[in-house]
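The block underneath contains the structure these notes are about, expressed in structure tokens.
Order of the sequence lines sets the chain letters (A, B, ...), proteins ahead of strands, with each chain counted from 1. Scope of the values below: all heavy atoms of this structure, side chains included, with no hydrogens, waters or symmetry mates.
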2 protein chains.
Amino acid sequence: MVDVAKRAGVSLKTVSRVVNGSPQVQPELAARVQEAIAELGFRRNHLASALRSGQQTATVGLLIEEIANPFYATIAGVVAETARAHDTLLFTASSEEDPVREELLLRDLCARRVDGLIVVPAGYDHGFLRSEAERGLPVVFLDRPGGGLVADTVLLDNRGGTRAGVERLLAGGHRRIAVLLDSVGVYTMRERLAGAQEALAAAGLPYDPALVREGVKDPDSAAAVVAELSDVDAYVCLNNRITVGALQELVRRGSDAELLGFDDFELSYLMPRRFTVIAYDTRELARRAAELLFARIAGDKTWPRTEVLPTHLIERGLR
Amino acid sequence: MVDVAKRAGVSLKTVSRVVNGSPQVQPELAARVQEAIAELGFRRNHLASALRSGQQTATVGLLIEEIANPFYATIAGVVAETARAHDTLLFTASSEEDPVREELLLRDLCARRVDGLIVVPAGYDHGFLRSEAERGLPVVFLDRPGGGLVADTVLLDNRGGTRAGVERLLAGGHRRIAVLLDSVGVYTMRERLAGAQEALAAAGLPYDPALVREGVKDPDSAAAVVAELSDVDAYVCLNNRITVGALQELVRRGSDAELLGFDDFELSYLMPRRFTVIAYDTRELARRAAELLFARIAGDKTWPRTEVLPTHLIERGLR
DNA sequence: ATGAAAGCGCTAACAA
DNA sequence: TTGTTAGCGCTTTCAT
């Protein structure tokens with residue numbers, strides 16, 4: 001800026017005014033400054049500007065589990081769009097379900113003085129964010145509740161989703177209903193399992209632990225579990241990776257058992273057999289979180305809110 | 001930092017040393033400082049640190065077309081991983097195929113003094129980056145070449161991919177071969193089309209413009225084009241959205257025409273009929289770009305390279 | 001309408 | 001080993 005000022009024969013402050021589009025500057029001077037800026041290839045240092053003004057950095061952070069996963073990619077897309085509408089740049093970081101990494105990344109984001117944070121929690125304690133939050137850093141938890149910090153939260157009705165799905169299975173006369181899930185260590189899995197169990201209990205069905213299979217981490221192990229549990233008349237899969245594996249195995253065996261899966265997925269309508277998904281609007285989920293965040297950044301000081309989005313059942317697959 | 005120094009009864013510089021893990025400080029003092037840091041909830045301002053040290057900001061920028069697209073999400077995942085391995089945070093931004101937005105975003109990223117840039121070009125002229133590049137900002141173009149700037153570039157063998165695919169169709173005796181594409185405005189589409197035409201020309205087939213259909217933007221319009229061109233014995237789809245639409249229409253009609261599509265996609269192996277994809281390793285593509293970038297950031301001053309990744313043909317679908 | 005001086009929070013260079 | 005001083009590039013405050 002000093003160089004630009006020298007070249008344009010004005011003071012540093014005038015350059016600053018021009019760069020910031022301040023109206024209080026003579027057009028002629030402004031033109032000279034613009035010229036000098038172009039000649040020198042000057043580009044304002046946003047870091048220095050944010051440092052001095054102490055105001056906002058026009059940056060927000062998004063912490064998700066894994067960006068390559070379509071669910072999180074969709075979320076990132078919506079948050080990026082919203083950020084863009086607010087002339088804000090977006091840091092994206094992935095915790096990979098690791099609470100240690102989560103804390104490291106969140107601390108780093110704070111150190112870069114982001115204006116706000118959207119977090120899909122990997123860990124259970126976010127107390128380390130409290131001092132920042134108290135100083136005015138807005139935090140929104142997405143898809144899972146955070147811990148040790150009162151903050152805005154946007155969730156899915158996980159429990160209601162499986163409850164409704166299992167009720168439909170029961171209404172269809174199915175009694176031997178297996179549930180396949182990843183890990184009860186994850187909030188959404190616990191909720192979804194609870195919803196299924198609520199529906200089973202309400203129908204007076206005895207709890208059969210042999211029909212609840214945890215540790216199904218990928219499509220292949222889902223297929224293996226389905227192969228093993230062949231005397232079942234309906235399978236409930238608590239995420240779409242499990243659903244895909246189960247589906248493949250059912251097709252392979254030519255089984256006509258019912259299949260109910262949480263999460264819709266791309267091309268589900270082209271799958272080779274009929275099944276039911278518990279679907280929801282991922283974009284809306286992210287939109288709510290992003291809007292909440294930018295409302296906070298704009299100064300909304302009302303009490304933190306928790307919003308819960310509905311799910312609905314959709315028939316998928318060919319035939 | 002001043003407050004921490006006061007509280008710990010040391011100088012500001014000592015705090016700085018502790019925060020930066022400098023070894024030249026007595027354990028006892030360091031402990032006092034740590035304590036003060038914890039009590040005050042101090043967190044080092046990374047912006048100020050980067051400003052003063054004038055060194056790197058430990059930040060890179062990734063500019064893609066659209067983060068919600070699985071191709072770009074995969075790329076973002078790999079770049080994020082690599083960035084993480086270098087203790088670097090990642091800005092992700094989407095140009096949405098708009099050159100104006102691309103320039104705005106890239107300028108903004110430069111203003112935030114990123115250490116490097118990975119760009120999937122939307123526009124044709126990146127001359128506006130030249131001054132930054134000359135000052136030492138590393139830029140890597142990914143998936144498409146950039147314009148007006150000599151920089152590292154990582155591409156796919158688009159032309160060779162369709163050429164090989166169409167050659168296989170020809171070897172199978174197919175003669176009426178239709179090509180469906182989005183827009184020749186996009187580099188990859190032009191290359192893929194050229195590859196198909198090279199193979200057709202080499203086989204001595206006359207060029208039939210009626211069999212080349214541009215402007216196929218989504219699965220539905222692909223389906224419509226397939227419905228219209230029913231006297232064809234093979235369809236070549238230049239991206240996976242088109243492939244999915246064509247596939248659906250072929251299944252609907254019970255057609256046994258051949259289908260060849262550029263890009264593999266998730267669950268392609270579960271599609272209800274056989275077809276061929278021109279596949280490639282998206283992660284490897286991104287990995288090369290990210291490694292190139294971090295090598296430059298680490299000081300690699302060799303002449304800019306262009307790397308081209310191979311494609312291969314894979315049979316997909318059930319039956 | 002324009003400019004001079006101070007200082008944002010930190011680190012480099014030097015001194016003690 | 002620890003502290004002092006200057007200054008990164010910018011914006012603020014206050015003067016002109």
Practice problem: Measure the distance from CD on A:Gln56 to P on D:dT11 and round it to the nearest whole Å. | Solution: 15 Å
Self-check item: Between C1' of D:dT11 and CZ of A:Arg17, the distance in whole Å
Solution: 11 Å
Quiz item: Ion pair present between B:Arg144 and B:Glu65, side-chain N to carboxylate O less than 4.0 angstrom?
Solution: yes
Quiz item: Taking for each residue the nucleotide of DNA chain D bearing the nearest heavy atom, is the 5' side occupied by B:Gly9 or by A:Ala50?
Solution: B:Gly9
Practice problem: Look at the side chain of B:Arg52 against the base of D:dG7 and say whether a donor-acceptor pair falls under 3.5 Å; ignore hydrogens and angles. | Solution: yes
Quiz item: Is A:Ser11 near enough to C:dT2 that one of its side-chain N or O atoms lies under 4.0 angstrom from OP1 or OP2?
Solution: no
Quiz item: Just checking B:Leu29: base, sugar-phosphate only, or nothing, at a heavy-atom cut-off of under 4.0 Å?
Solution: sugar-phosphate
Practice problem: Please tell me which of the listed nucleotides, D:dT11, D:dG9, C:dT11, lies nearest to the side chain of B:Lys13? | Solution: C:dT11
Quiz item: On DNA chain D, nearest-nucleotide positions of B:Pro27 versus A:His46: which is more 5'?
Solution: B:Pro27
Quiz item: Can a donor-acceptor pair be found between the side chains of B:Asp300 and B:Thr302 at a distance below 3.5 Å?
Solution: yes
Exercise. Would you mind reading off the distance between B:Glu28 atom CD and D:dT1 atom P, rounded to a whole angstrom?
Key: 14 Å
Exercise. Consider the side chain of A:Gln26, meaning its heavy atoms from C-beta on, and name the nucleotide among C:dT2, C:dC10, C:dG3 that approaches it most closely.
Key: C:dT2
Quiz prompt | Between P of C:dC8 and CG of B:Asp3, the distance in whole Å | solution = 11 Å
Quiz item: With a 3.5 Å cut-off and no angle check, do the side chains of B:Thr92 and A:Thr92 form a donor-acceptor pair?
Solution: yes
Quiz item: Counting side-chain heavy atoms from CB outward, which of C:dC10, D:dT4, D:dT11 is closest to B:Ser49?
Solution: C:dC10
Quiz item: Cut-off 3.5 Å, side chains only: do B:Asn45 and A:Arg112 have a donor facing an acceptor?
Solution: no
Quiz item: Salt bridge between A:Arg287 and A:Glu284, side-chain N to carboxylate O under 4.0 Å?
Solution: yes
Quiz item: Between C:dT11 and B:Arg44, is there an OP1 or OP2 to side-chain N/O distance shorter than 4.0 Å?
Solution: yes
Practice problem: Verify the distance criterion only: is there a donor paired with an acceptor across the side chains of B:Glu103 and B:His126 at less than 3.5 Å? | Solution: no
Quiz item: Nearest-Å distance, CG (B:Leu47) to P (C:dT11)?
Solution: 12 Å
Practice problem: Specify the separation, in whole Å, of atom CZ of B:Arg43 and atom P of C:dG9. | Solution: 16 Å
Practice problem: Please determine which of A:Ile118, A:Leu293, A:Val119 meets the side-chain contact (heavy atoms from CB on, under 4.5 Å) test together with A:Leu142. | Solution: A:Ile118
Quiz item: So, do A:Asp143 and A:Thr188 sit near enough that their side-chain heavy atoms are less than 4.5 Å apart?
Solution: yes
Quiz item: To the nearest angstrom, how far is B:Asn45 atom CG from D:dG9 atom P?
Solution: 16 Å
Quiz prompt | End axis versus end axis in the helix from C:dA1-D:dT16 to C:dA16-D:dT1, the angle rounded to 10°, five pairs used at each terminus | solution = 30°
Exercise. Provide, to the nearest angstrom, the distance between the CG atom belonging to A:Leu12 and the C1' atom belonging to D:dT13.
Key: 15 Å
Practice problem: Report yes if at least one side-chain N or O of A:Thr14 is closer than 4.0 Å to OP1 or OP2 of C:dG3; otherwise report no. | Solution: yes
